[in-house]
Amino acid sequence: MGHLPPKTIAETLRGIQTNDLVLPAIQREYVWKPSQVVRLFDSVLRGYPIGSFLAWRIEPETVEKFKFYGFLKDYSQFDNRHNPDLDLPGRRFTAVLDGQQRLTSLNIGLRGSYAVREKYARHNTARGYPTRRLYLNILGEAAANDAGLRYDFRLLTDEQVRDSADDAAHHWFPVSKVFDAANAMQPMRDLAEIGLGNHTFAIDVLGELYHAVHAKESLHMYEETDQDVERVLDIFIRVNSGGTVLSYSDLLLSIATAQWKDRDARSAIHGLVDALNATGSGFSFSQDVVLKAGLMLAGINDIAFKVKNFTADNMAELDRQWDDIGNSLKTAVGLLSDFGLSDATLSAKSVVIPVAYYLHTRGLDDTYRTAVAHAADRAVLRSWVLRSLIVRGIWGSGLDTLLRDIRTVLNEHGDSGFPATELERTMALRGKSLAVTDELIDDVLDLSYGGTRTFAVLAMLFDHVDTRNQFHVDHVFPRALLDSKPLKGQGLTRDVIDDLNERRDRFANLQLLSGPENIDKSATAPDEWAARAYPTSELMSNYKTLNELTELPHDASEFPSFFEARRAALAERIRRKLSSGSQPQPATELVEEYDGTELDAALEE
């Protein structure tokens with residue numbers, strides 16, 4: 001291993017442009033946040049060292065043994081997170097083993113763009129991920145900040161730049177212009193064109209940035225020339241991991257990519273993650289969950305993310321079964337969506353692993369989701385899944401041990417149906433009991449609107465709801481009628497208003513309503529809306545019974561007594577439903593609930 005002559009940032013990025021500098025398939029993807037990009041450029045402009053780099057010199061005979069990718073230039077969290085494939089036969093080039101995040105950030109900041117989801121934006125629309133480019137405020141240094149930044153670099157959208165055009169304290173200069181400048185005078189001419197040719201700070205800061213990018217040989221790289229893939233893999237693991245920095249799922253992906261023979265592991269795994277997350281209203285399963293599921297479904301004995309488990313034989317088995325594993329995971333996630341779950345309501349992603357394993361071992365395909373013949377089995381599976389999400393701590397610590405125990409039970413008892421009773425017995429021995437306790441009931445009753453477990457609990461308790469359709473978590477007594485402003489107008493004291501507001505979003509004031517019903521109900525008093533929606537005594541009685549409703553309140557003065565009465569009724573329902581949750585519903589009810597109709601839209605996020 002030798003130390004190469006230092007290079008400038010511009011020279012290094014030109015190597016990325018020409019694919020003389022690439023990424024080996026063992027590298028993880030780009031993960032830096034905008035704050036890290038800004039901090040890196042602040043260090044560059046201040047002349048601080050940004051660390052050394054480690055590379056692997058690739059000879060033509062090695063190219064065919066490995067796979068390589070290009071650096072990202074225009075990163076988008078929505079639709080451009082994966083590095084581009086490269087075909088580089090018969091060439092010599094250099095692959096970066098350590099420093100990808102820094103080099104990609106330099107490439108994005110000086111040549112490209114960065115798109116990340118805006119707060120509260122929807123996950124599945126491109127509009128929620130506006131394109132940003134790196135700018136530098138050339139009128140002054142950054143305001144005092146906790147990050148210790150001196151210079152005011154920001155990733156901004158075109159709209160943000162336009163909106164600040166009249167801001168006397170800021171002028172946003174695109175950093176890419178510094179990289180594109182043919183010489184040191186070009187940024188000065190750019191300043192003159194915008195009327196800042198005599199602005200001392202602007203002249204100095206752009207001059208310093210040009211020097212840092214084009215003139216200062218600040219990037220120091222060590223180069224490994226040995227063509228032994230195993231040696232390079234060991235170097236990569238040691239440099240990038242140290243046991244903690246590189247996640248073990250990254251290691252697995254790296255090794256799988258290096259060892260799979262029949263497919264590109266990186267593309268296969270990332271493609272499956274993307275497909276799972278596009279199901280229904282959307283999920284956010286990680287690479288970790290998918291790879292853990294892969295180990296379990298492939299029958300690998302030890303599913304822990306430890307290097308010793310990532311042998312060539314294990315990876316070959318994972319490769320051989322990958323298509324079937326992927327299909328089982330897709331069906332499992334489809335079932336979770338059918339159960340009304342989505343990213344907003346799935347509180348533990350790991351629950352998908354035993355569901356997929358059960359489907360995989362029984363050879364069940366996507367028809368399992370709707371076939372009447374499987375209706376009773378689906379009901380038992382649905383009950384077990386939802387109850388495991390309701391009880392805290394089931395999918396937390398000790399996950400690998402729990403999954404191995406679940407696998408054993410499914411292997412021994414899962415031939416003819418989902419063995420919920422046997423699973424619960426085994427889980428209880430591991431301290432993962434689904435038993436109903438007073439503490440669990442109190443915990444459930446303390447759930448609130450918007451909580452990740454709230455939908456699962458409501459769906460479990462009120463299983464008349466067909467969660468394949470679009471259902472909303474709704475306030476029985478509308479929030480709008482319990483807002484502080486109208487309550488003050490009714491002459492209520494501050495203490496009374498606070499008490500009403502505290503109860504407003506609690507579990508006892510929540511129910512599941514279909515989307516159209518929820519829209520129709522809006523801010524109407526509960527008794528008035530129910531009288532309109534269920535005009536006969538029989539319909540009204542059925543609505544109240546199904547939703548565990550007592551006498552419906554008309555105004556805020558009746559809300560506290562309604563809340564306490566329903567809370568007590570729900571406590572009994574929780575004890576009753578969760579205690580017998582593993583029992584299937586009568587077949588007649590199930591045939592009516594699962595009638596094989598086409599899947600409707602799942603719960604909105």
Side-chain angles (χ1 to χ4, degrees), residues 9-10 13 30-51 73-77 101-121 127-181 184 186-216 218-219:
I9 291 173
L13 296 190
Y30 183 64
V31 297
W32 268 25
K33 299 176 181 178
S35 59
Q36 293 171 288
V37 177
V38 166
R39 189 174 185 85
L40 176 67
F41 274 86
D42 183 73
S43 295
V44 167
L45 186 49
R46 295 169 78 169
Y48 291 176
I50 58 173
K73 179 173 77 74
D74 296 299
Y75 171 79
S76 171
Q77 192 182 39
Q101 304 297 323
R102 286 168 287 161
L103 289 177
T104 301
S105 296
L106 291 172
N107 201 38
I108 288 171
L110 286 162
R111 298 181 55 230
S113 61
Y114 190 113
V116 65
R117 187 171 70 91
E118 289 191 317
K119 193 174 183 180
Y120 306 124
R127 287 179 299 177
Y129 301 78
T131 298
R132 303 170 186 272
R133 302 184 191 281
L134 188 64
Y135 290 84
L136 170 64
N137 178 23
I138 55 175
L139 296 186
E141 295 183 352
N145 58 88
D146 294 336
L149 302 175
R150 177 178 175 183
Y151 294 103
D152 199 357
F153 286 99
R154 298 190 199 180
L155 284 160
L156 302 173
T157 64
D158 291 344
E159 183 180 8
Q160 288 173 322
V161 173
R162 287 195 300 269
D163 289 345
S164 65
D166 297 327
D167 185 352
H170 299 83
H171 183 93
W172 299 111
F173 190 89
V175 174
S176 60
K177 278 194 170 186
V178 174
F179 177 78
D180 294 335
Q186 184 60 55
M188 304 303 109
R189 287 193 288 269
D190 292 336
L191 288 178
E193 289 179 4
I194 58 177
L196 295 174
N198 294 319
H199 194 287
T200 303
F201 181 84
I203 293 170
D204 289 344
V205 76
L206 284 187
E208 290 170 7
L209 184 57
Y210 181 90
H211 177 80
V213 171
H214 290 277
K216 187 176 181 180
S218 58
L219 302 189

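- A donor-acceptor contact shorter than 3.5 Å links the side chain of R117 to the backbone of A121.
- How far CG of D152 is from CG of D42: 9.5 Å, rounded to the nearest 0.5 Å.
- To the nearest 0.5 angstrom, R46 atom CZ is 6.5 Å from R150 atom CZ.
- One distance of note links CD of E159 with OG1 of T131; it measures 12.5 Å at 0.5 Å rounding.
- Closest approach of V175 to F153, counting heavy atoms only: CG2-CE2, 3.9 Å.
- The backbone N or O of Q160 sits less than 3.5 Å from a side-chain atom of T157, completing a donor-acceptor pair.
- Scanning all heavy atoms of the two residues, the minimum distance from H171 to L196 falls at CG-CD1, 4.2 Å.
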Name the atoms and distances for all side-chain donor-acceptor pairs under 3.5 Å in residues 200-210, with sequence neighbours left out.
from, atom 1, to, atom 2, distance (Å)
E208, OE1, Y151, OH, 3.4
Y210, OH, A184, N, 3.4

Side chains of residues 105-116: which donor-acceptor pairs under 3.5 Å do they make with residues two or more places apart or in other chains?
from, atom 1, to, atom 2, distance (Å)
S105, OG, Y30, OH, 2.8
S105, OG, Q101, O, 2.8
N107, OD1, R111, NH1, 2.7
N107, ND2, L72, O, 3.0
S113, OG, D74, OD1, 2.8
Y114, OH, W32, O, 2.7

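- Residue N145 comes nearest to G148 through the heavy atom pair OD1-N, 2.8 Å, listed as atom of the first residue, atom of the second, then distance.
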_Assess the residue pair E118 and R132 against the criterion (salt bridge (Lys or Arg N to Asp or Glu O under 4.0 Å)); give the C-alpha distance rounded to whole Å, side-chain angles, the decisive distance to 0.1 Å, and a yes or no._
CA-CA 11 Å; E118 289 191 317; R132 303 170 186 272; 3.6 Å; yes
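- Pairing each heavy atom of R154 with each of H170, the nearest pair is NH2-NE2, 3.8 Å.
- The two atoms that bring A212 and S218 nearest to each other are O-OG, 4.5 Å, heavy atoms only.
- Closest non-hydrogen pair, L40 versus R102, comes out as CD2-O, 3.6 Å.
- With respect to the salt-bridge test (charged N to carboxylate O, under 4.0 angstrom), the residues R162 and D158 do not qualify.
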